[in-house]
Amino acid sequence: MKTIAAGCDHGGFALKTLLIEDLTECGHNVIDLGTDSNERVDYPDFAEKVARSVANGDAEFGLLVCGSGIGVCMTANKIPGIRAATVHDVTSAHLAREHNDANVICLGERLIGPEVAKEALGVFLTSEFQEGRHTARVQKMNRILE
Ligand code: RB5
């Protein structure tokens with residue numbers, strides 16, 4: 001069981017809702033930080049909340065959904081301690097964890113189908129950082145915002 005902070009804008013609301021249902025059914029604890037409807041909002045407000053929740057240790061992982069998965073990712077990566085990755089499929093999901101130790105997964109509702117999104121999220125949550133040659137690279141990345 002993992003604690004996952006979830007957030008989206010209006011462009012990601014439907015997919016976030018579906019993924020939260022799926023995560024909850026799988027026994028995970030989800031902190032839903034909004035948005036809560038299809039009404040137009042600004043993605044940085046929700047991406048920042050999710051990123052801060054992961055950075056301060058309230059959640060182990062973050063899930064962000066917007067139309068493309070890009071704006072939320074750019075925003076989340078402004079927060080020290082966050083390594084957010086836009087993921088399009090199972091391969092990018094496991095590589096983001098294994099090579100980059102990503103702690104926030106970003107998905108684009110307008111670009112990815114629900115089944116691929118569910119599968120990619122599951123793979124992201126179960127893949128482990130491989131350490132080894134990747135450790136020094138991730139440390140270099142982290143140092144930029146220290
Ligand atoms: C909202 O229309 C859209 O710009 C947003 O969801 C996202 O795709 C931004 O990166």
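When a ligand or atom number is given, it counts from 1 through the structure's own listing order.
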TODO: Decide whether N142 and R83 meet the rule of one side-chain donor and one side-chain acceptor closer than 3.5 Å.
DONE: yes
- [ ] Flag yes if more than 12 heavy atoms outside M74 fall under 6.0 Å of its CE atom; otherwise flag no.
- [x] no
Open item on the list: Check this for me, if you would: do R97 and D101 make a salt bridge, where the nitrogen-to-carboxylate-oxygen distance has to be below 4.0 angstrom?
Closed with: yes
Task: Pairing of K16 and D32 as salt bridge, 4.0 angstrom limit - done: yes
Open item on the list: I'd like the contact residues of ligand 1, where contact means a heavy atom below 4.0 Å.
Closed with: D9, H10, Y43, C66, G67, S68, G71, R110
- [ ] Check for a donor-acceptor pair, side chain of N77 on one end and backbone N or O of A84 on the other, with a separation under 3.5 Å.
- [x] yes
Task: Single-linkage hydrophobic cluster L121~L18, side-chain heavy atoms < 4.5 angstrom - done: yes
